[in-house]
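Below: the structure, in structure tokens.
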Amino acid sequence: MKKNKKREFQSSELVKSFARIHGFEHKLIAFEIKDFLEEYLDESLFQEIKSVNIENKCVIIKINSPLLKHDFQMRKSFYLRKFQDKFGEDKFNDLQIL
């Protein structure tokens, strides 16, 4: 009869722990934000997003399309609130669209 180990981790927990230890937790959250946007936006709109980063508690989204960039700027507070609700208000306090 096989006995289960007392400590079993899921891979996502290990990745989060590793990120916390080595100081790139923000990059992991940026990937999660990008995944959220992929689900939220149409595929053609998502293709216009160049990158998502977090610096000094500010989410920085680089967008190729001028129209999509303008839409994000107009709805900046909406997107910031969505990100804060999903990932925590303490993680970031501003959103910058480039």
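When all heavy atoms are compared, the tightest approach of Ser44 to Asp42 is OG-OD2, 2.6 Å. Counting all heavy atoms, side chain and backbone alike, Ser51 lies closest to Lys34 at CA-NZ, 4.4 Å. Closest of all the heavy-atom pairs between Ala30 and Ile54 is N-CD1, 3.9 Å. Nearest heavy-atom pair, Asn93 versus Gln84, reported as atom, atom and distance to 0.1 Å: CA-NE2, 3.9 Å. In plain terms, the two heavy atoms of Phe36 and Lys86 that are nearest each other are CD1-CD, 3.5 Å. Contact detail for Gln96 and Cys58: the closest heavy-atom pair is CB-SG, 3.9 Å.
Linking ILVMFWY side-chain heavy atoms closer than 4.5 Å, directly or via other members, places Tyr40 and Leu45 in a single hydrophobic cluster. Both Ile97 and Phe92 are part of a single hydrophobic cluster, where members link through side-chain heavy atoms under 4.5 Å apart. Using a 4.5 Å cut-off between side-chain heavy atoms of Ile, Leu, Val, Met, Phe, Trp and Tyr, with links allowed through other members, Leu80 and Phe72 fall into the same hydrophobic cluster. Linking Ile, Leu, Val, Met, Phe, Trp and Tyr whenever their side-chain heavy atoms come within less than 4.5 Å leaves Leu98 and Ile49 in two separate clusters. Ile61 and Phe78 fall within the same hydrophobic cluster, defined by Ile, Leu, Val, Met, Phe, Trp and Tyr side-chain heavy atoms under 4.5 Å apart, directly or through other members.
Atom CG of Leu37 and atom CD of Glu32 lie 12.0 Å apart (nearest 0.5 Å). Atom CZ of Arg81 sits about 10.5 Å away from atom CD of Glu89, to the nearest 0.5 Å. Lys76 contributes atom NZ, which lies 14.0 Å from atom CG of Asp71 (distance to the nearest 0.5 angstrom). Between Asn64 atom CG and Lys69 atom NZ the span is 8.0 Å, to the nearest 0.5 Å. Interatomic distance, Lys27 NZ to Ile29 CD1, rounded to the nearest 0.5 Å: 12.0 Å. Expressed to the nearest 0.5 Å, how far CD1 of Ile60 lies from CD of Glu55 amounts to 4.0 Å.
At most 12 non-hydrogen atoms from other residues, nucleotides or ligands lie less than 6.0 angstrom from CZ of Phe31. In this structure, Asn56 places its CG atom where only 12 or fewer heavy-atom neighbours from other residues, nucleotides or ligands lie under 6.0 Å away.
Taking the six-membered ring where tryptophan is involved, the planes of Phe83 and Phe87 are tilted, since the angle between them lies from 30° to 60°.
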